[in-house]
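Note that the numbering runs from 1 along the sequence shown for the chain. The model shown is predicted, which means the values in this text are computed figures rather than measured ones.
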Amino acid sequence: AAIQSSMMAYMGSQLVDIDRMPRGGPDASCLDRCLETDRLEYLDRDDVDDRVKRSVVRALEWTGEFFGYHEKFAHIALDEVADVPDPKILELGSGHGGLSRQLLEMHPTAELTITDIEPTSLAAIAAGDLGEHPQAIVREMDATAIEAADGHFDLAVFVLSFHHLPPSLASRVFAEGTRAAAKLLIIDLPRPPSPLHLVRLATMLPFAPLIPFVHDGVISSLRAYSPSALRALAAHADPAIDVQLRGGLISPQVVVASRSRSQ
């Protein structure tokens, strides 16, 4: 009973402080706490020309293809539903649709629901091959308020977009993703140790004012969550959520979250 009381007190403190939690997590160092920002990326701003936003999206799509991220991330996702013959997969924050396209190529019987909250990106996806694909549905949906019944999807996937969200909304993704799907897969930028983080930022900052993609990359790096932050976000959403983490030093962080349906 004493242990349970202590755990509840700990969770209560997380509930109170989650909005002020550093991106480096509750145990972040002083230096790490300085390496974050409230500034928004071009993709998240309403005062930025759509042409600038589209240039960032195109750059993200190109880097995903050039470095093989779409295929790599699709393999990670499909491994999580390897025992499901015709998996129902929800992609949140799909951006350019590159991951969903790769998933359908690798698993032709998968059913994909491709979503985003950005109208221009959604319109571009709907106007392309994914909009006509018999195994795909393209629709507007917020990752923090998934419009689906409990357990409707076998897997919800949120790739390279989680860092856009402040802690309170990021925690909602854990709550909603593990409610609407058997598993929630988050793949996002790593938050390296502070000295390495400083080196990475130093190489990017000179180009940030000139190249929109680099500008957003710098801000993304400063807004990325650490492993301890990801655990705290999941615990804030529901202590019953189990979180498995891998990668994250230099390679992208991979988070698999789930909870018992008996909870």
Side-chain angles (χ1 to χ4, degrees), residues 41-44 50-143 146-148 152-165 173 176-177 180-189 212-213 216-217 220 247 251-256:
E41 300 177 36
Y42 288 145
L43 288 177
D44 297 323
D50 271 348
R51 289 173 295 182
V52 174
K53 293 185 178 183
R54 296 308 302 168
S55 74
V56 176
V57 172
R58 286 194 298 270
L60 288 169
E61 186 172 17
W62 181 85
T63 55
E65 293 174 354
F66 184 82
F67 292 103
Y69 290 147
H70 299 334
E71 183 175 357
K72 178 181 179 180
F73 297 161
H75 276 295
I76 293 171
L78 293 177
D79 283 347
E80 296 300 328
V81 289
D83 58 342
V84 181
D86 305 310
K88 293 182 179 180
I89 301 175
L90 168 66
E91 186 183 5
L92 302 162
S94 56
H96 45 70
L99 175 61
S100 284
R101 187 174 293 107
Q102 187 69 50
L103 287 168
L104 288 167
E105 289 179 6
M106 294 170 60
H107 200 315
T109 65
E111 297 180 24
L112 268 291
T113 300
I114 306 163
T115 71
D116 206 302
I117 58 171
E118 209 282 306
T120 304
S121 293
L122 274 180
I125 294 172
D129 57 329
L130 289 174
E132 300 178 352
H133 198 290
Q135 297 294 111
I137 298 172
V138 180
R139 59 175 299 193
E140 183 175 348
M141 190 181 295
D142 189 332
I146 298 173
E147 299 172 27
H152 178 76
F153 296 100
D154 298 297
L155 181 69
V157 184
F158 200 27
V159 173
L160 299 182
S161 295
F162 191 75
H163 60 273
H164 288 268
L165 302 174
V173 172
E176 282 290 277
K183 293 180 182 179
L184 169 66
L185 171 66
I186 297 171
I187 303 175
D188 206 9
L189 302 175
F213 175 60
D216 277 17
S220 295
S251 62
Q253 298 189 88
V254 177
V255 185
V256 180

Engineer: Can you find a heavy atom in the side chain of Thr120 that is under 4.5 Å from one in the side chain of Lys53?
Structural biologist: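 Result no, sub-4.5 Å side-chain heavy-atom pair not found.
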Engineer: Considering only residues two or more places apart or on different chains, which pairs with a residue in residues 56-84 satisfy side-chain hydrogen bond (donor to acceptor under 3.5 Å, both in side chains)?
Structural biologist: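 side-chain hydrogen bond (donor to acceptor under 3.5 Å, both in side chains) check on residues 56-84 returns Glu80-Lys183.
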Engineer: Say whether, by atom type as modelled, one donor and one acceptor occur between the side chain of Asp216 and the main chain of Tyr42 under 3.5 angstrom.
Structural biologist: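 Indeed, once roles are kept as given, a pair shorter than 3.5 Å links the two residues.
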Engineer: Check Asp188 against Leu160 and note the closest heavy-atom contact, atom names and distance.
Structural biologist: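 Taking every non-hydrogen atom into account, OD1-CA, 3.4 Å.
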Engineer: Between Gln253 (side chain only) and Leu189 (backbone N and O only), is there a donor and an acceptor less than 3.5 Å apart?
Structural biologist: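 Yes.
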Engineer: Identify the heavy atoms of Leu112 and Ser100 that sit nearest to each other, and give their distance.
Structural biologist: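 Heavy atoms only, the tightest pair is CD1-OG, 3.7 Å.
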Engineer: May I ask you to test the Leu155-Pro87 pair for a side-chain heavy-atom distance under 4.5 Å?
Structural biologist: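 Contact flag for Leu155/Pro87 side chains = no.
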Engineer: If I compare all heavy atoms of Leu122 with all of Asp116, which pair ends up nearest, and what's the gap?
Structural biologist: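 Where Leu122 meets Asp116 most closely, the heavy atoms are CD1-O, 3.3 Å.
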Engineer: Say whether Ser161 and His163, considering side chains only, have a donor N or O and an acceptor N or O under 3.5 Å apart.
Structural biologist: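 No pair is found: no donor N or O on one side chain lies under 3.5 Å from an acceptor on the other.
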Engineer: Roughly how far, to the nearest 0.5 Å, is OG of Ser121 from CG of Leu60?
Structural biologist: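 These two atoms lie 9.5 Å from each other.
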Engineer: With rounding to the nearest 0.5 angstrom, report the CD to CG distance, Gln135 to Asp86.
Structural biologist: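 Here the interatomic distance stands at 8.0 Å.
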Engineer: Once you round to the nearest 0.5 Å, how far does CG of Leu92 lie from CD1 of Ile146?
Structural biologist: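 Here the interatomic distance stands at 5.0 Å.
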Engineer: Could you check Leu104 against His133 for side-chain contact (heavy atoms from CB on, under 4.5 Å), going step by step and ending with a plain yes or no?
Structural biologist: CA-CA 9 Å; Leu104 288 167; His133 198 290; 3.9 Å; yes
Engineer: State, to 0.1 Å, how close Ile187 and Pro252 come at their nearest heavy-atom pair, and which atoms those are.
Structural biologist: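 For Ile187 and Pro252, the tightest heavy-atom pair comes out as CG2-CB, 3.9 Å.
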Engineer: Write down the atom of Arg101, the atom of Leu130, and the distance for their closest heavy-atom approach.
Structural biologist: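 That would be NH2-CD1, 3.8 Å.
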Engineer: Apply the side chain to side chain contact (heavy atoms under 4.5 Å, CB included) test between Val157 and each candidate in Leu90, Leu184, Leu99, Ile186; give the one that qualifies.
Structural biologist: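 Only one option passes, and that is Leu99.
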Engineer: Can a salt bridge be assigned to the pair Glu147 and Arg139 using a cut-off of 4.0 Å between side-chain N and carboxylate O?
Structural biologist: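 Yes, Glu147 and Arg139 are salt-bridged.
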Engineer: To the nearest 0.5 Å, how far apart are CD in Glu91 and CG in Leu185?
Structural biologist: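 The CG atom of Leu185 is 10.5 Å from CD of Glu91, to the nearest 0.5 Å.
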Engineer: Compare every heavy atom of Glu176 with every heavy atom of Ala143, then report the nearest pair and how far apart it is.
Structural biologist: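 The pair with the smallest heavy-atom distance is O-CB, 3.9 Å.
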Engineer: Treating Thr115 as the side-chain partner and Glu140 as the backbone partner, does any N or O pair qualify as donor plus acceptor under 3.5 Å?
Structural biologist: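 Such a contact is absent between Thr115 side chain and Glu140 backbone.
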